[in-house]
Amino acid sequence: MGLHEFANISVGPQSERRGTNAKEYISFLDVFSFLRRNALIIGAFTLAGVVLGSTYLMNAQPIYQATTRLVMDPEQGRVISQDVSSGTVIIEAAEIASQVEIVKSEAIALDVIRRLDLINDPELVNTSSFRSMIMGLLASTVDMVSGATPDDATELSEEEQLRRVMGSFLSRVTVHRVGQSYVLQIGYSSNNPQKAATTANALAEAYIRNGINERAEAAKRAAAWLEGRLTEVAVKAREAAIAAEEFRNRHGITAVGSTSTLDQQQLSEISNQLLAAKATTAAESARLTILTRMILGDTAIEGNLEEIADNAQLQKLREDIRTARTRLEGLRGRYSHGNPAIASAQAEIDRLEAEVGAELRRIASVSRADLEVARTRERLVEEQFAVASRTGEDKNLSRVELGEMESKSNTYRRLYESILQQLSGTLQTLSFPSAQARVVTAATAPFGKTWPKTSIILPFSAMLGLASGLLVAVVRSGLDRRTSSSTRLERELGIASLGRIPVYRPAPHPGKGTRPLPEPVQPLRSVLDSPYSRFSEALRSVKNSLDAVLPPNGSMVVGITSVGSGEGKTTIATNLAQLYQNEGQSVLLIDADFVSARLSRLAANSASELGLQPVDLVKPDGVTARNELQIVRPCDEMPSDHAGTIPVPLLTTDQTRQIAASHQRYGHLPALKETIDKQRKRYKVIIVDMSGFENSADTRTICTYLDGVILVLGNSNKMTIERLADALASFGRSRLALLGVIANRSDAEDWFKVTVRAGARG
């Protein structure tokens with residue numbers, strides 16, 4: 001049992017409450033329950049989607065697409081690159097994309113439209129897009145409002161008509177590259193398969209023809225430009241060559257070979273002569289030095305000169321000297337020192353050596369003369385070299401300038417030859433223009449339609465309908481603020497649900513010999529007439545929830561109220577009291593609805609038929625004092641009715657007013673409180689039927705006398721959380737034991753799966 005301070009009840013977004021409450025999880029059961037609750041909406045939208053898809057399939061005009069394939073020649077590509085490793089020529093991807101856009105260009109489309117005479121084709125003229133339909137509808141609406149007639153619209157000009165046909169035509173053209181190949185696939189969609197094939201082939205032919213024409217025009221323009229450029233370059237090349245020759249003649253630069261001039265050749269020869277003269281001078285000087293040393297007596301280097309080695313006289317003299325010395329040595333061995341023979345031999349040796357020295361001096365004098373000649377020649381060559389060098393220095397700058405002029409002349413010459421070669425190739429292309437692409441597969445009339453496809457439309461429409469149904473169900477569930485959801489009641493207002501009571505269905509005719517009950521009376525005793533009906537089973541589940549909070553050895557006073565009138569609280573109170581009464585528990589039913597007093601009025605006329613028995617008031621000793629009045633005949637003293645059931649004791653509103661003091665206008669409230677306090681000792685359960693609390697101050701006061709209050713919602717599908725919160729806030733700061741809510745007249749399929757949450761909290 002929970003105590004609620006209704007003035008503090010607030011309603012906010014679910015996301016704000018999740019922060020303070022425990023985390024909520026969505027289980028498979030929640031999803032299944034959601035789908036089951038909204039199965040009708042989801043199924044209806046899905047069926048509607050399938051119906052719309054089927055209607056579209058039946059009414060849509062079939063579209064056929066024919067495709068033709070053409071391959072681009074990589075050697076004719078304008079933007080090409082070459083693989084360094086393999087040398088393969090590769091067309092850039094950008095070039096392929098450019099060709100795709102060219103096929104889809106307006107120039108190609110205009111060519112095909114004019115060749116096939118599609119300007120008046122109804123398929124292209126009468127086509128209207130969704131945007132044009134909307135604009136036409138808006139225009140019609142504006143004309144209707146403004147009062148203009150359809151005749152006010154001006155006819156389209158020829159240019160506008162052509163633009164419209166071209167736009168419709170291009171919307172039917174598809175062009176894409178096949179993989180990474182050089183193949184382009186061109187497709188055209190039409191309602192006529194033969195027309196689709198013819199147009200696709202015409203597109204390919206127009207593209208090839210357009211490429212040939214473009215290449216021819218480009219070659220013609222290039223040839224004209226190259227001819228003018230060739231004449232200009234030829235004139236400049238001639239002028240540059242003449243200027244170079246004139247400069248060479250003016251400065252006396254004579255070319256001997258392809259790599260040198262006459263001055264350079266002369267300077268080279270003089271340089272060689274100078275080197276030779278210096279070598280001769282050095283050789284003569286060395287020979288003279290050797291001869292001088294030999295004259296001085298150095299005989300170790302005699303064999304180094306050819307003049308000495310080849311001189312026969314010197315060789316004979318030296319042989320004679322060796323012979324004389326040999327004879328002298330022999331004489332010295334035979335004769336003593338001072339012998340005339342030895343002196344004569346020695347004199348012979350001296351004479352021979354004197355002749356050798358004279359011969360060497362003669363050779364030295366000749367060598368000295370040769371040295372002077374070599375030195376004179378060397379000096380003359382040096383002077384000649386100096387003159388040639390001075391002359392060459394003056395011509396170096398002229399040769400540099402001449403080289404620049406010759407380089408310029410050669411550049412113009414090469415440019416002339418290059419332009420001449422390009423002009424020859426361009427003239428050849430102009431004479432024999434080649435196509436950039438060729439058709440590899442021509443388009444043929446397709447056998448089957450491309451659109452609409454049943455295998456796509458029906459599943460898509462069904463999925464679209466299903467998604468729409470789910471969306472509507474989710475939005476509806478999110479915007480649903482009704483109190484029919486027990487989870488929402490507990491989450492947002494903290495009020496537990498005691499169960500759902502289905503709509504009362506009258507039982508079959510009770511039997512022979514019994515008089516049927518009046519229609520207003522039947523629901524008040526349904527647990528007696530139909531003990532195992534859906535209504536009775538649901539009410540018994542509510543009773544089990546109440547039994548959980550009953551004290552084991554005490555009594556409990558339970559009030560039953562509603563927000564407004566006509567929500568079935570009296571029916572719930574009467575049947576609940578009869579359940580307790582016929583299970584052997586002492587129960588007292590009090591009618592505290594002082595506004596309408598419906599139960600008291602029915603009991604005054606049909607108490608026995610309702611299974612009720614108004615209690616008797618006894619005044620001991622004839623005393624009329626209020627505090628001495630007593631209620632007699634508890635349940636064990638009540639007689640059974642004709643059906644064998646024990647009627648429920650009922651305290652009516654009139655009896656409560658009789659107990660109250662006559663001079664008090666609102667004395668029935670203290671009298672009711674005093675009566676409830678006294679009857680706690682006699683009855684196990686006291687059920688108080690109150691009026692709706694939204695507009696009744698009595699009910700809000702009576703609720704403070706009770707141990708627990710049950711709130712009956714007669715139409716929870718119309719009662720919102722906000723309205724219920726505002727109604728409960730009318731209790732002010734009153735702290736009441738609200739046991740829970742009963743959803744009366746519920747049509748839910750799982751009516752008997754009652755969520756029983758006893759309100760015992762705190």
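Quick note: numbers below take in every heavy atom, side chains included, and nothing from hydrogens, waters or symmetry partners. Keep in mind that this is a model prediction, so the values were computed, not measured.
Between the side chain of Asp698 and the main chain of Leu669, no donor-acceptor pair closer than 3.5 Å is present. When atom types are taken as modelled, the side chain of Gln578 and the backbone of Leu528 share no donor-acceptor pair closer than 3.5 angstrom. Within the 3.5 Å criterion, the main-chain N or O of Leu579 finds no donor-acceptor partner in the side chain of Gln585. A donor-acceptor distance shorter than 3.5 angstrom exists from the side chain of Ser54 to the backbone of Val50, with no hydrogens or angles considered. Not a single donor-acceptor pair under 3.5 Å links the side chain of Arg540 to the backbone N or O of Tyr532. No donor-acceptor distance shorter than 3.5 angstrom exists from the side chain of Thr653 to the backbone of Asp591, with no hydrogens or angles considered. The backbone N or O of Lys681 sits nowhere less than 3.5 Å from a side-chain atom of Ser555 that would complete a donor-acceptor pair. The backbone N or O of Leu29 lies less than 3.5 Å from no partner atom in the side chain of Ser33, so there is not a single donor-acceptor pair. With hydrogens and angles ignored, the 3.5 Å screen pairs no side-chain donor or acceptor of Thr704 with any backbone N or O of Arg700.
One finds the CD atom of Gln679 at 7.5 Å from the CD1 atom of Ile590 (value rounded to the nearest 0.5 Å). Once rounded to the nearest 0.5 Å, the distance linking CG of Leu650 with CG of Leu610 reads 9.0 Å. To the nearest 0.5 Å, atom CG of residue Asn544 and atom CG of residue Leu498 are 11.5 Å apart. Here OG of Ser600 is found 8.0 Å from CD of Gln655. Values are rounded to the nearest 0.5 Å. Separating the CD1 atom in Ile501 from the CG atom in Leu713 is a distance of 12.0 Å, to the nearest 0.5 Å.
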Checklist entry - Run the side-chain contact (heavy atoms from CB on, under 4.5 Å) check on Lys543 and Val527 step by step: do they pass? => result CA-CA 12 Å; Lys543 174 183 172 298; Val527 296; over 6 Å; no

Item to check | Derivation and outcome, salt bridge (Lys or Arg N to Asp or Glu O under 4.0 Å), residues Glu537 and Arg534 | outcome: CA-CA 5 Å; Glu537 291 294 326; Arg534 294 173 55 190; over 6 Å; no

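Annotation for Pro452 and Ala60: closest pair CG-CB, 3.9 Å, computed over non-hydrogen atoms. For the residue pair Ser691 and Val595, the shortest heavy atom distance occurs at OG-CG2, 3.9 Å. Considering every non-hydrogen atom in both Ala462 and Thr46, the closest pair reads O-CG2, 3.9 Å. Of all heavy-atom pairs between Asp707 and Arg680, the closest is OD2-NH1, 2.6 Å.
Here the side chains of Phe594 and Thr656 are in contact, with some heavy-atom distance below 4.5 Å.
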Check residues 564-571 and write down every donor-acceptor pair under 3.5 Å in which the side-chain atom is one partner and the other belongs to a residue at least two apart or another chain.
unit_1 : atom_1 : unit_2 : atom_2 : d
Glu567 : OE1    : Gly714 : N      : 2.7
Glu567 : OE2    : Gly564 : N      : 3.1
Lys569 : NZ     : Asp593 : OD2    : 3.4
Lys569 : NZ     : Asp689 : OD1    : 3.4
Lys569 : NZ     : Met690 : O      : 2.6
Thr570 : OG1    : Asp689 : OD2    : 2.9

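The local environment of NZ in Lys673 is sparse, with at most 12 non-hydrogen atoms from other residues, nucleotides or ligands closer than 6.0 Å.
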